[in-house]
Amino acid sequence: MPKTIIQKIWDDHIVASHEGEPDLLFVDLHLIHEITTAQAFEGLRLSGRAVRHPELTLATVDHNVPTTPRDLPLSDPIAKRQIELLGTNTAHFRIHYEDMFSPRQGIVHVIGPELGASLPGMVIVCGDSHTATHGALGAIAFGIGTSEVEHVLATQTLPQMRPKSLRINVEGELPAGTTPKDLILCIIRAIGVGGATGHIIEYTGSTFRGMSMEGRMTVCNMTIEGGGRAGLVSPDDTTFAYVEGRTYAPKGQLWNEALDYWRSLPSDAGASYDQTVEIPAASVEPFVTWGTNPSQSVPVTGHIPLPGELPDDTARAAAERALRYQGLTAGTSMQDVHLDKVFIGSCTNSRLEDLRAAAAVIRGRKVSPSVQALVVPGSQQVKVAAEKEGLDRLFSEAGFQWREAGCSMCLGMNPDVLGPGERCASTSNRNFEGRQGPGGRTHLVSPAMAAAAAIAGHFVDVRSF
Amino acid sequence: MEPFHSAEGIVAPLDQTDVDTDMIIPAAFLKRVERTGFGDFLFYAKRFKADGTPEPNFLLNQPRFKNANVLVAGRNFGCGSSREHAPWALQQYGFKAVIAPSFADIFNNNCAQIGLLTVALPEERVREILDASNAREGYQLHIDLERQEVTDPFGHVDHFEIDAFKKHCLLNGLDAVGLTLRHEADIARYESRRRSWLPAFS
Ligand code: SF4
């Protein structure tokens with residue numbers, strides 16, 4: 001029977017399968033960071049259990065770290081304690097740790113692929129909902145909670161019910177001026193924030209075949225914003241070219257073995273999915289979110305929907321609540337919305353291509369005097385690569401601040417936060433109330449749209465900017 | 001985990017869809033390395049004003065809902081971040097169960113891990129419960145896991161679906177790691193046949 005890549009990877013990782021119980025899956029790669037692990041290590045200690053496979057576990061620090069120069073002392077004592085604890089725990093359990101001073105440190109979802117730690121065909125977990133990012137490689141990658149982190153540390157396995165499958169097929173070329181970020185915003189707009197709950201998404205179609213690895217990561221990253229358990233793209237030559245030569249990628253004979261296997265992974269013709277959704281690439285525009293969930297977006301040339309334009313009472317109630325929080329009125333043209341801050345970064349859009357796309361918009365112009373703009377590379381390696389191309393100078397000369405790698409203003413756990421009432425164009429993935437700081441107002445956009453907004457001081461259509 | 005059999009108590013109606021885990025517990029509190037004490041920070045940005053004093057209009061600050069232990073909310077409850085701090089905060093505040101038309105996957109899994117029951121009921125029924133608990137002070141529900149039933153004060157009974165294995169684990173308060181380690185031999189067998197190109201870090 002023809003199988004999807006989801007079934008192939010799932011079946012390949014079944015350790016035990018019994019009627020009426022979840023499948024027990026083996027985990028090839030367990031990524032950990034400072035926020036969701038302290039209590040898991042504590043749990044291990046209390047139960048006297050060891051880490052079963054420290055060599056399959058990879059740690060870094062990203063959420064809490066300041067993005068100011070690394071030689072400055074940490075100003076937040078609670079964050080400092082949490083970071084130190086990750087150091088102690090990884091040392092005690094002999095887990096490889098890319099710490100704050102490592103040239104390989106970065107957002108966990110940026111460094112996994114970058115180091116060749118995340119590979120096609122794997123099952124990857126992390127105590128973080130954006131783990132689906134690694135699905136871009138052709139892996140089943142999903143977020144787990146702290147109890148499950150402890151479970152994986154102790155057993156290297158996880159009991160999981162087999163999710164349903166959802167195929168999202170996109171055909172055609174993305175229109176000029178639009179990006180994979182706009183595509184995923186378009187998808188979430190279509191399926192809704194809970195549309196993929198209980199499903200693993202496979203993104204198929206010529207649009208994804210023609211997309212770079214970094215673009216695929218942006219799309220897979222926001223799978224959870226549509227409620228998806230995981231999201232992936234079948235591996236192809238683009239994938240293999242990306243992986244080859246990376247630090248932990250197989251070499252020599254092992255590379256050939258891996259490649260043979262990876263070529264067998266793509267979904268078979270005629271494989272069936274529980275659901276299929278078609279999105280024409282031509283329908284993608286530069287999107288901006290106006291509300292407080294990632295499905296509440298409109299094309300930048302549009303306006304904030306009027307109550308009558310929304311499908312039902314639930315949507316109207318949600319919009320009303322969102323607009324009250326956002327300090328906006330229905331009917332306002334998106335291009336009339338002015339900004340206080342701009343954030344270019346996060347595991348969604350902080351890779352080299354994202355920074356290039358943002359820098360390309362500048363063309364000698366300056367950040368609006370009313371805007372504070374921040375560029376935070378996703379990893380120290382991205383930072384170095386960008387500096388080699390002179391992107392840091394382009395940004396700095398235009399008035400953007402150029403920072404060290406980390407999650408930064410994506411969730412406002414470090415000193416980079418929005419103040420109450422401040423409005424931000426952000427390349428991150430969540431516009432929830434208070435996400436970037438208590439009372440802060442977030443609008444999600446692509447890197448190019450964020451850079452253009454920083455210069456204009458309000459949203460503008462990057463296609464004519 | 002403590003075994004879960006039933007819960008009974010006052011309903012707090014959170015009439016909102018897509019309640020995200022950032023709202024349930026803001027990121028600022030995730031720096032704590034303890035597993036307890038999160039109840040004080042539940043819905044922090046809603047419950048407290050910027051100066052730290054209680055926001056009197058927020059649901060849980062209204063005297064009639066103060067001792068609620070069943071939370072009822074709109075669809076897609078618990079969406080967003082994987083933080084288990086969200087179910088910890090709900091449980092440590094005093095909630096025994098959450099009722100909604102649907103739940104986000106990771107949140108739902110996290111609740112099962114700690115014995116916080118999530119009950120999915122049809123959208124219309126959740127609407128009726130939200131309205132009833134707003135209309136009648138002291139409106140209570142009784143949730144029986146064994147029978148998979150939610151009963152209201154007037155004897156109205158709703159049946160709910162729950163995965164049989166999950167139910168078994170909740171009823172018996174089973175330790176998930178302990179359950180997995182029953183498969184020790186299977187794990188060892190799988191380990192011996194893993195593909196040779198898979199990376200390891202040291
Ligand atoms: S960048 Fe944002 S979404 Fe990504 S891991 Fe960090 S906090 Fe989470």
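- Taking a 6.0 Å sphere around NZ of A:Lys251, one finds it holds more than 12 heavy atoms contributed by other residues, nucleotides or ligands.
- With a threshold of 4.5 angstrom between heavy atoms, B:Lys46 approaches chain A through side-chain atoms but not through N, CA, C or O.
- Neither the backbone nor the side chain of A:Gln156 comes within contact range of chain B, judged by heavy atoms closer than 4.5 Å.
- Ranked by heavy-atom pairs under 4.5 Å with chain A, the list B:Gly74, B:Ala86, B:Ala176, B:Ala45 is led by B:Ala176.
- Most heavy-atom pairs under 4.5 Å with chain A, from the set B:Val33, B:Asp163, B:Asp175: that is B:Val33.
- Using a 4.5 Å cut-off between heavy atoms, A:Pro77 makes no contact with chain B at all.
- How far CZ of A:Arg430 is from OG of B:Ser81: 5.5 Å, rounded to the nearest 0.5 Å.
- Judged as a salt bridge (charged side-chain N to carboxylate O under 4.0 Å, His left out), and not counting sequence neighbours, the contacts of B:Asp22 are A:Arg435, B:Arg83.
- Heavy-atom pairs under 4.5 Å with chain B peak, among A:Gly145, A:Ala117, A:Ser147, at A:Ser147.
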**Steps toward side-chain hydrogen bond (donor to acceptor under 3.5 Å, both in side chains) verdict (B:Glu191, A:His53)** = CA-CA 10 Å; B:Glu191 284 166 339; A:His53 284 292; 2.5 Å; yes
**Request:** Carefully, step by step, assess A:Asp28 and B:Arg195 under the rule salt bridge (charged side-chain N to carboxylate O under 4.0 Å, His left out).
**Result:** CA-CA 10 Å; A:Asp28 293 315; B:Arg195 297 173 196 279; over 6 Å; no
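- A donor-acceptor pair is defined here as one N or O able to donate and one able to accept, closer than 3.5 Å; such a pair exists between the side chain of B:Glu84 and the backbone of A:Thr146.
- To the nearest 0.5 Å, atoms CD (B:Gln113) and CD (A:Glu150) are separated by 9.5 Å.
- The most heavy-atom pairs under 4.5 Å with chain B, out of A:Asn293, A:Thr36, A:Leu58, come from A:Leu58.
- For B:His85, the part lying under 4.5 angstrom from a heavy atom of chain A is the side chain only.
- Nearest heavy-atom pair across A:Pro250 and B:Trp197 is CB-CB, 3.8 Å.
- Remark: B:Arg193 engages no residue in a salt bridge (charged side-chain N to carboxylate O under 4.0 Å, His left out) (not counting sequence neighbours).
- Interface remark: A:Leu85 contributes side-chain atoms only to the contact with chain B (heavy atom separation under 4.5 Å).
- Using a 4.5 Å cut-off between heavy atoms, A:Asp12 contacts chain B through both its backbone and its side chain.
- For a residue to count as touching a neighbouring chain, one of its non-hydrogen atoms must lie under 4.5 Å from one of that chain's; by this rule B:Arg75 touches chain A with the side chain only.
- Within the 4.5 angstrom heavy-atom criterion, no atom of A:Glu42 approaches chain B.
- For the set B:Met23, B:Arg194, B:Arg32, the count of heavy-atom pairs under 4.5 angstrom toward chain A peaks at B:Arg194.
- For A:Leu24, the part sitting under 4.5 Å from any heavy atom of chain B is the side chain, from C-beta outward, and nothing else.
- Interface remark: A:Thr197 contributes backbone and side-chain atoms alike to the contact with chain B (heavy atom separation under 4.5 Å).
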**Prompt:** Could you go step by step and tell me if A:Arg52 and B:Ile187 meet the side chain to side chain contact (heavy atoms under 4.5 Å, CB included) rule?
**Reply:** CA-CA 11 Å; A:Arg52 188 172 180 106; B:Ile187 301 175; 3.5 Å; yes
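- Heavy-atom distances place the side chain of B:Tyr190, and not its backbone, under 4.5 Å from chain A.
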**Message:** Run B:Leu181 and A:Arg49 through side chain to side chain contact (heavy atoms under 4.5 Å, CB included) and show every step you take.
**Reply:** CA-CA 11 Å; B:Leu181 291 176; A:Arg49 289 175 176 135; 4.0 Å; yes
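- Residues of residues 125-132 of chain A that come within less than 4.5 angstrom of chain B, heavy atom to heavy atom, are A:Gly127, A:Asp128, A:Ser129 in numerical order.
- With a 4.5 angstrom heavy-atom cutoff, A:His13 touches chain B via backbone and side-chain atoms both.
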**Steps toward salt bridge (charged side-chain N to carboxylate O under 4.0 Å, His left out) verdict (A:Arg81, B:Glu34)** = CA-CA 11 Å; A:Arg81 185 165 67 121; B:Glu34 298 80 12; 3.1 Å; yes
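- Only the side chain of A:Tyr261 comes within contact range of chain B, with heavy atoms under 4.5 Å apart.
- To the nearest 0.5 Å, atom NE2 of residue A:His18 and atom CZ of residue B:Arg182 are 7.5 Å apart.
- By number of non-hydrogen pairs under 4.5 angstrom with chain A, the leading residue of B:Trp88, B:Phe103, B:Tyr44 is B:Trp88.
- Neither the backbone nor the side chain of A:Arg94 comes within contact range of chain B, judged by heavy atoms closer than 4.5 Å.
- The distance from atom CG of A:Asn431 to atom CG of B:Asp20, rounded to the nearest 0.5 Å, is 9.0 Å.
- The contact between B:Asp186 and chain A is made by backbone and side chain atoms together, counting heavy-atom distances below 4.5 Å.
- Remark: B:Pro199 engages A:Leu119, A:Met122, A:Tyr248 in a side-chain contact (heavy atoms from CB on, under 4.5 Å) (not counting sequence neighbours).
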**Request:** For side chain to side chain contact (heavy atoms under 4.5 Å, CB included), just list the numbers for B:Ile106 and A:Ile224, CA-CA rounded to whole Å, side-chain angles, deciding distance to a tenth of an Å, and then say yes or no.
**Result:** CA-CA 10 Å; B:Ile106 308 179; A:Ile224 183 73; 4.0 Å; yes
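- Residue B:Ala27 touches chain A through both its backbone and its side chain, counting heavy-atom pairs closer than 4.5 Å.
- Side-chain atoms of B:Lys31 do not come within 3.5 Å of backbone N or O of A:Gln82 as any donor-acceptor pair.
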**Message:** For a side chain to side chain contact (heavy atoms under 4.5 Å, CB included) check, start with the C-alpha distance between B:Thr17 and A:Arg321, then their side-chain angles and the critical distance, and finish with the verdict.
**Reply:** CA-CA 11 Å; B:Thr17 55; A:Arg321 203 165 37 235; 4.1 Å; yes
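- The candidate from A:Thr292, A:Ile35, A:Ile83 with the greatest count of non-hydrogen atom pairs under 4.5 Å with chain B is A:Ile35.
- When B:Asn110, B:Asp105, B:Leu198, B:Ile114 are compared by the number of non-hydrogen pairs under 4.5 Å with chain A, B:Asp105 comes out ahead.
- The aromatic rings of B:Phe201 and A:His96 sit tilted relative to each other, their planes meeting at an angle between 30° and 60°.
- Contacts of A:Leu29 with chain B are made by side-chain atoms alone, with heavy-atom separations under 4.5 Å and no backbone atom involved.
- Contact record, A:Pro22 with B:Phe165: CD-CD2, 3.1 Å, taken as the closest heavy-atom pair.
- A:Thr314 and B:Arg127 are not linked by any side-chain donor-acceptor pair at a separation below 3.5 angstrom, with hydrogens and angles left out of the test.
- If you measure heavy-atom distances from A:Ala317 to chain B, you find no contacts under 4.5 Å at all.
- Counting heavy-atom pairs closer than 4.5 Å to chain B, the top residue among A:Ile144, A:Thr37, A:Leu158 is A:Ile144.
- When A:Gln160, A:Glu433, A:His63, A:Gln39 are compared by the number of non-hydrogen pairs under 4.5 Å with chain B, A:Gln39 comes out ahead.
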